[in-house]
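One structure is given below, encoded as structure tokens.
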Amino acid sequence: MATGALPPCCGARPTVEIARRLLGAMVIRDLPEGRVAGRIVETEAYLQDDPACHGVRELPDGTMAHRQTARNAAMFGPPGCAYVYFTYGNHFMLNVVTQPAGMPEAVLIRALEPMEGLEIMLARRGVDNPRETTNGPGKLTRALGIGRELDGHDLAQPPLQIVLHDPIPEAEIVTTTRIGISRAIDYPWRFYVRGNHWVSRK
DNA sequence: AGAATGATCCTCT
DNA sequence: GAGGATCATTCTC
């Protein structure tokens with residue numbers, strides 16, 4: 001059962017809180033083959049005073065400054081929109097912009113539990129194990145056909161929507177450090193649903 | 001202009 | 001668990 005839309009949640013609460021609140025939310029993607037959907041089971045927060053955040057850079061004196069570029073422009077746009085970027089020559093990453101325009105913070109969607117259209121996701125991924133469809137940020141964008149054209153897309157609208165559902169109980173949320181980054185590696189801003197089969201790594 | 005980096009994934013061992 | 005793939009973007013000269 002849906003319990004809310006992204007805004008006003010996005011744009012009115014701290015990014016770390018939104019990263020936790022997004023656990024359990026449904027990602028709905030309309031593709032030529034049909035609709036696919038999954039619930040979010042793993043997220044990471046990126047903040048504007050965070051050396052690992054694409055929207056800022058650390059100056060020689062140690063302070064943080066905004067740095068808007070063609071790639072990360074969506075981070076500086078309105079909350080509730082997608083920030084999609086390409087990395088490692090192979091993978092798209094899906095983020096939710098969480099703060100008002102000009103404030104570059106976002107939540108990376110790292111894993112989904114498939115809820116609809118599993119056969120489509122298996123086919124797009126070229127695998128036969130359901131767990132391998134969406135248990136990582138690069139995998140889930142391939143399974144859902146998410147690419148550059150959805151950078152800046154309003155996530156309240158088709159063909160890519162995120163709908164909030166009931167919050168995951170605090171006792172079921174595991175808080176830990178982020179994965180695959182080289183800066184600010186000990187910030188505890190990764191969250192996942194305890195025991196969920198689709199979490200990328202424990 | 002050239003070099004380095006990267007919010008990853010896959011294929012080995 | 002380690003290393004390579006692969007290339008757009010960003011940084012440095």
Side-chain angles (χ1 to χ4, degrees), chain A residues 10 15-16 18-20 22-23 25 27 38 40-77 81-99 103-112 114 121-153 155 160 162 174-192 197-202:
Chain A
C10 288
T15 295
V16 167
I18 295 170
R20 302 171 72 92
L22 280 170
L23 294 174
V27 179
I40 298 170
V41 298
E42 179 179 347
T43 61
E44 283 178 359
Y46 289 86
L47 277 57
Q48 63 178 354
D49 62 351
D50 166 12
C53 178
H54 287 175
V56 298
R57 69 171 175 178
E58 195 165 7
L59 299 176
D61 67 5
T63 62
M64 307 300 291
H66 284 179
R67 57 117 197 225
Q68 182 170 351
T69 67
R71 178 174 76 152
N72 67 19
M75 285 193 93
F76 290 81
C81 289
Y83 165 44
V84 179
Y85 69 90
F86 184 71
T87 191
Y88 288 110
N90 275 310
H91 308 292
F92 290 99
M93 300 285 135
L94 171 64
N95 299 256
V96 178
V97 177
T98 55
Q99 298 301 322
M103 193 171 168
E105 301 195 351
V107 171
L108 171 69
I109 308 302
R110 286 194 55 91
L112 301 176
M121 292 191 269
L122 289 170
R124 284 194 170 245
R125 285 274 295 126
V127 299
D128 54 17
N129 178 356
R131 177 173 147 79
E132 288 300 316
T133 55
T134 50
N135 65 333
K139 297 179 185 179
L140 72 89
T141 55
R142 180 168 290 275
L144 270 58
I146 293 170
R148 198 182 312 279
E149 69 281 1
L150 288 168
D151 186 32
H153 171 77
L155 291 168
L160 178 63
I162 295 182
V174 177
T175 302
T176 182
T177 52
R178 297 176 291 185
I179 290 180
I181 55 175
S182 60
R183 290 173 288 204
I185 60 175
D186 43 0
Y187 290 24
W189 288 344
R190 172 172 174 251
F191 310 96
Y192 64 87
H197 190 50
W198 279 266
V199 170
S200 67
R201 173 187 165 244
K202 298 180 182 176

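Values below: all heavy atoms of this structure, side chains included; hydrogens, waters and symmetry mates excluded. Each chain gets a letter, A, B and so on, in the order its sequence line appears, and its residues count up from 1.
Within 4.0 Å (heavy atoms only), A:Gly89 reaches at least one base atom of the nucleic acid. In this structure, A:Arg178 reaches neither bases nor backbone, as no heavy-atom distance under 4.0 Å exists between it and the strands shown. Contacts of A:Arg201 with the nucleic acid, taken as non-hydrogen atoms under 4.0 Å apart, are absent. Within 4.0 Å (heavy atoms only), A:Tyr88 reaches at least one base atom of the nucleic acid.
Distance from the side chain of A:Lys139 is smallest for B:dC10 among the nucleotides C:dT9, C:dC11, B:dC10. Between C:dT9, B:dT8, C:dC7, one nucleotide has an atom nearer to the side chain of A:Phe86 than all others, and that is C:dC7.
The interatomic distance linking A:Arg131 (CZ) with B:dC10 (C1') rounds to 15 Å, in whole Å. The distance from atom CG of A:Asn72 to atom P of B:dG6 is 15 Å, rounded to the nearest whole Å. Between A:His54 atom NE2 and B:dT5 atom C1' there is a gap of 10 Å when expressed in whole angstrom units. Separating the CZ atom of A:Arg142 from the P atom of B:dC10 is a distance of 9 Å, rounded to the nearest angstrom. Atom OH in A:Tyr187 sits about 15 Å away from atom P in B:dA7, given to the nearest Å. One can place CD of A:Gln68 at 15 Å from C1' of C:dT9, the figure rounded to the nearest angstrom. Between A:Met93 atom CE and C:dT9 atom P there is a gap of 14 Å when expressed in whole angstrom units. Look at CG on A:Leu47: it is 14 Å from C1' on B:dA7, rounded to the nearest Å.
Listed for the A:Thr133 side chain is no donor-acceptor partner under 3.5 Å among the backbone atoms of A:Met121.
Pair assignment for B:dC12 gives C:dG1, based on Watson-Crick or G-U wobble hydrogen-bonding distances that are each under 3.5 Å. Checking B:dA4 for Watson-Crick or G-U wobble geometry (two distances, each under 3.5 Å) identifies C:dT9 as its partner.
Regarding contacts with the backbone of C:dT9, every side-chain N or O of A:Arg67 stays at 4.0 angstrom or more from both OP1 and OP2. Between A:Arg183 and B:dA7, a side-chain N or O to OP1/OP2 separation shorter than 4.0 Å is absent. Remark: A:Arg125 is in phosphate contact with B:dC10, judged by side-chain N or O atoms under 4.0 Å from OP1 or OP2. Applying the 4.0 Å criterion to OP1 and OP2 of B:dG6, one finds that A:Ser182 has a side-chain N or O inside that range. Applying the 4.0 Å criterion to OP1 and OP2 of C:dT10, one finds that A:Thr69 has a side-chain N or O inside that range.
Position along DNA chain C of the nearest nucleotide to A:His91 versus A:Arg71 favours A:His91 as the more 5'-ward residue. Along DNA chain C, the nucleotide nearest to A:Arg148 and the one nearest to A:Asn90 differ in position, and the one closer to the 5' end is contacted by A:Asn90. Mapping A:Ile181 and A:Val127 onto DNA chain B by nearest heavy atom places A:Ile181 at the nucleotide closer to the 5' end.
As rounded to the nearest Å, C:dT12 and B:dA7 have P atoms that lie 16 Å from one another. For the P atom pair drawn from C:dA8 and B:dT11, the interatomic distance equals 22 Å after rounding to whole Å.
A cation-pi geometry, defined here as NZ or CZ lying under 6.0 Å from the six-membered ring centre and within 45° of its normal, does not hold between A:Arg110 and A:Tyr192.
Taking 4.5 Å as the limit, every side-chain heavy atom of A:His54 sits out of range of all side-chain heavy atoms of A:Thr69. You'll find the side chain of A:Tyr83 reaches within 4.5 Å of the side chain of A:Asn72, heavy atoms only. Using a 4.5 Å heavy-atom cutoff, the side chains of A:Asp50 and A:Arg178 are in contact.
In this structure, A:Tyr46 packs face-to-face on the six-membered ring of B:dA7, meeting both the 5.5 Å centre cutoff and the 30° plane limit.
Put simply, the residue from A:Asn135, A:Thr134, A:Asp128 that forms a side-chain contact (heavy atoms from CB on, under 4.5 Å) with A:Glu132 is A:Asn135.
Within 6.0 Å of atom CG in A:Asn129, more than 12 heavy atoms from other residues, nucleotides or ligands are found, so the atom counts as buried in its surroundings.
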